[in-house]
Amino acid sequence: MGFDGLVVVSDPYLQRRFTQADLRALQAQYAGLRDTAPTGRLRLRDLPAALTCLGSPTAMAAGKGEPLRGDAGKENSSPPKPALTDKEWSSVLTAISRADEKPQLDVNFELFLRVYAEMQLRLKGGKKARERDGGQGIKRSSSSSAAFLTASTTTLLHTISESEKASYVGHINAYLAEDPFLKNALPVDPATDQLFHLTKDGVLLCKLINLAVPGTIDERAINTKRLLNLWEKNENHTLCLNSAKAIGCTVVNIGTQDLAEGRPHLILGLISQIIKIQLLADVNLKSTPQLVELVQDSQEMEELMSLSPEKILLRWMNFQLKKGGFQRTVTNFSSDIKDSEAYACLLNVLAPECSAKPSPMSVKDLLHRARLVLEHADRMGCKRYLAPKDIVDGLQNLNLAFVAHIFQKRNGLSKQMKQVSFVDGVSDDAQVSREERSFRLWINSLGISTYINNVFEDLRNGWVLLEVMDKVAPGSVNWKFANRPPIKLPFRKVENCNQVLKIGKEIKFSLVNIAGHDIVQGNKKLILAFLWQLMRYNILQLLKNLRFHSNGKEITDNDILLWANKKVKDSGRQSQMGSFKDRSLSSGIFFVNLLSAVEPRVVNWSLVTKGEKDEEKQMNASYIISVARKLGCSIFLLPEDIMEVNQKMMLTLTASIMYWHLKRPTSYSLDADNSSLCETSSISTSDDSASESSIDDSGTR
């Protein structure tokens with residue numbers, strides 16, 4: 001529909017995909033096709049013949065109906081040759097039908113646009129497929145009139161790589177093919193936009209997160225009906241984004257509406273992060289202790305522990321290349337591997353029995369050499385995350401995925417780990433490990449410029465802590481006296497850490513017996529104690545900033561406890577908690593009651609157990625975390641934290657539920673005089689500058 005010459009469609013993706021000139025031209029063509037249809041109605045089966053005769057929108061607007069065929073522009077009286085084969089048209093129409101929530105035979109304007117866009121993608125996809133296969137495949141020339149879609153699809157100011165999309169689609173097709181809910185929608189056709197349609201209900205992304213880090217989402221909490229309403233889709237998107245943060249994804253600039261609209265660059269960016277986490281899951285000393293082979297002394301061990309998985313992967317790769325006599329050092333997954341020489345050497349070291357003739361190094365053509373390398377990897381059983389041209393072009397994300405998969409399949413490290421004294425400190429007790437994980441993920445969720453991989457190593461220069469302090473207490477850091485990395489001199493690191501502690505004292509942290517050099521030296525106990533105070537301060541400030549609820553008064557742990565108990569009691573349930581270390585919390589029943597009290601429809605009581613046996617406690621704890629994230633709570637605890645009643649995590653869980661509830665238009669407030677809880681109504685939005693982007697994105701709650 002349109003007004004004053006403006007053509008408006010309900011699908012935001014289609015609205016962005018075409019310019020207004022394109023939409024007007026296509027609308028005119030659609031009206032003409034519909035009016036000339038024999039029955040007066042345009043049917044899906046009529047589109048292949050009808051669209052073959054259309055040119056690009058630009059050509060249509062100019063009155064030039066160039067056929068979309070390889071010989072466009074030539075003087076030729078023969079009938080126009082179809083731009084796509086019958087088989088390709090069948091694939092396009094099948095993809096559209098699968099993605100359409102209400103399949104229809106009669107074609108409206110939006111369905112017409114969607115089919116037209118898919119056809120244009122397929123025209124360009126044919127050429128790109130040959131490039132990805134190193135020149136193999138069916139040869140088909142494409143018309144210059146279809147050039148408004150380039151090899152990399154552009155959406156607004158964002159460009160998505162068709163190679164990356166094809167790689168991620170291949171990953172999804174391979175790993176989720178047997179999923180009971182998704183198997184009817186798979187495989188996804190990488191040459192179409194089917195992927196972005198499938199992600200609109202949130203289920204695929206939730207499944208992908210569980211594939212990367214099993215158990216992150218209790219799949220009982222995912223809404224998996226065939227037809228979901230907007231509320232249910234929004235819950236899935238909220239669950240997805242909060243769970244993505246909980247495994248280390250950066251989602252600061254992604255909201256639920258972006259997922260609902262299927263915005264390609266944001267969805268591909270999120271999928272890229274999730275797949276990367278899956279592929280790099282074992283690239284650390286805890287999962288692969290054999291990596292100790294890469295170090296010679298305690299200093300190198302300390303350095304290895306501070307490296308990101310990508311850097312560890314590079315070090316592993318160079319370690320293996322050295323065995324093969326490779327002379328160069330690979331420093332990146334882009335320019336350093338374009339000639340495939342490093343790959344050829346690496347695969348010969350790891351799997352010499354899979355080599356074949358001709359040898360990649362005997363071939364001068366880079367595409368041919370890259371193809372031989374990938375054939376070697378195929379014989380090893382490695383999945384192809386890239387094509388020959390992607391290696392030659394140096395696509396970093398795909399090369400990283402390829403090397404990570406090689407590491408997963410065959411890392412070439414000794415199964416007999418050498419006994420060295422400096423490994424003793426690598427493994428921590430489970431409690432320390434879980435707390436480090438929670439604080440690390442929380443820090444990364446804040447959107448600071450530095451991504452941390454290890455709390456104890458990455459905080460030692462003080463810079464990251466200053467960034468965090470500036471987030472939770474804006475304006476508190478004096479950046480004139482801050483030392484930016486890289487910092488070589490130890491006393492400069494101490495200066496940063498001293499400023500961190502100075503700010504901590506100003507905001508009333510308990511900092512007895514802790515100094516700047518304790519952080520620089522990586523004192524785990526003191527670092528965890530400080531980070532807990534920082535996280536607690538952040539959530540209490542978020543609650544305080546809801547001024548119409550707190551009336552500007554400081555929120556205490558006891559206020560949170562009283563609020564939770566009152567909510568449960570008012571809902572008619574009997575369970576109460578005496579403190580955040582009440583052992584009865586291990587059953588999970590209190591938190592299920594609390595979640596039901598703040599949003600009755602969110603809990604499926606048929607899935608809740610009595611919480612008496614360990615297995616029942618585990619099921620309840622997993623369900624509680626997923627339901628809380630589904631509501632909009634940004635939390636970083638594990639089921640074990642509930643089962644063992646980790647006092648710190650019990651407080652953050654309760655406070656997060658309270659924060660979500662108080663942000664709603666109608667909620668409860670704290671009476672300034674007696675700290676009692678009273679119900680209020682508000683038509684204004686909460687004055688909260690520090691709130692998470694994933695909360696209240698849709699405005700539907």
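We number each residue from 1, following the sequence as shown.
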Under the side-chain hydrogen bond (donor to acceptor under 3.5 Å, both in side chains) criterion, do S433 and K286 qualify, and how do the steps go? CA-CA 10 Å; S433 181; K286 184 176 181 180; 3.2 Å; yes
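- Judged purely by distance below 3.5 Å, without hydrogens or angles, the side chains of N210 and T216 never pair a donor atom with an acceptor atom.
- Other residues, nucleotides and ligands place more than 12 heavy atoms under 6.0 Å from the CD atom of E506.
- For the pair A342 and I337, the tightest heavy-atom approach, listed with the atom from each and the gap, is CB-CG2, 4.1 Å.
- Residues satisfying the side-chain contact (heavy atoms from CB on, under 4.5 Å) criterion with A473, sequence neighbours excluded, are S476, Y537.
- The salt bridge (charged side-chain N to carboxylate O under 4.0 Å, His left out) analysis of residues 325-346, with sequence neighbours excluded, yields the pairs R328-D339, R328-E341, E341-R369.
- Looking only at atom types and distance, the side chain of Q278 has a donor-acceptor partner in the side chain of H171 under 3.5 Å away.
- Shortest non-hydrogen contact noted between S161 and L395 is OG-CD1, 4.4 Å.
- Listed by first and then second residue, the side-chain hydrogen bond (donor to acceptor under 3.5 Å, both in side chains) pairs that reach into residues 444-455 are S449-E467, T450-E467, sequence neighbours excluded.
- T652 contributes a side-chain N or O that, together with a main-chain N or O of M649, makes up a donor-acceptor pair within less than 3.5 Å.
- Here the closest heavy-atom approach between residue I560 and residue L540 is recorded as CD1-CD2, 3.6 Å.
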L314 and N332: side-chain contact (heavy atoms from CB on, under 4.5 Å), yes or no, with the steps? CA-CA 7 Å; L314 279 173; N332 58 64; 5.5 Å; no
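- What you find for K630 and A221 is that their closest heavy atoms are NZ-O, 2.7 Å.
- When the shell of 6.0 Å around NZ of K322 is examined, it contains 12 or fewer heavy atoms from other residues, nucleotides or ligands.
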When you look at R434 and D641, which way does the side-chain contact (heavy atoms from CB on, under 4.5 Å) test go after all the steps? CA-CA 8 Å; R434 289 207 305 271; D641 292 316; 3.0 Å; yes
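- Under a 4.0 Å N-O distance rule, the pair E554/K544 qualifies as a salt bridge.
- Between the side chain of D258 and the backbone N or O of I254 there is no donor-acceptor pair closer than 3.5 Å.
- Two rings, from Y343 and F402, have their centers less than 6.0 Å apart.
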Enumerate donor-acceptor pairs with a distance under 3.5 Å from any side-chain N or O in residues 525-533 to protein atoms, sequence neighbours excluded.
{"residue": "Q533", "atom": "OE1", "partner": "S510", "partner atom": "N", "Å": "2.7"}
{"residue": "Q533", "atom": "NE2", "partner": "S510", "partner atom": "O", "Å": "2.8"}

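- Taking each heavy atom of I519 and L501 in turn, the nearest pair found is CD1-CD2, 4.2 Å.
- Checked against N397 for a side chain to side chain contact (heavy atoms under 4.5 Å, CB included), the options F333, Y385, Y168 give a single hit: Y168.
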Steps toward side-chain contact (heavy atoms from CB on, under 4.5 Å) verdict (L561, D557): CA-CA 6 Å; L561 182 74; D557 296 2; over 6 Å; no
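- Residue K207 qualifies as enclosed at atom NZ: its count of foreign heavy atoms under 6.0 Å is above 12.
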Steps toward side-chain hydrogen bond (donor to acceptor under 3.5 Å, both in side chains) verdict (D559, T556): CA-CA 5 Å; D559 291 328; T556 66; 3.2 Å; yes
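- Here V477 pairs with L466, M469, D470, W479, Q499, I503 under the side-chain contact (heavy atoms from CB on, under 4.5 Å) rule; sequence neighbours left out.
- A side-chain donor-acceptor contact under 3.5 Å links E293 to the backbone of S414.
- For A628, the side-chain contact (heavy atoms from CB on, under 4.5 Å) criterion is met by L595, C633, I635, L653, not counting sequence neighbours.
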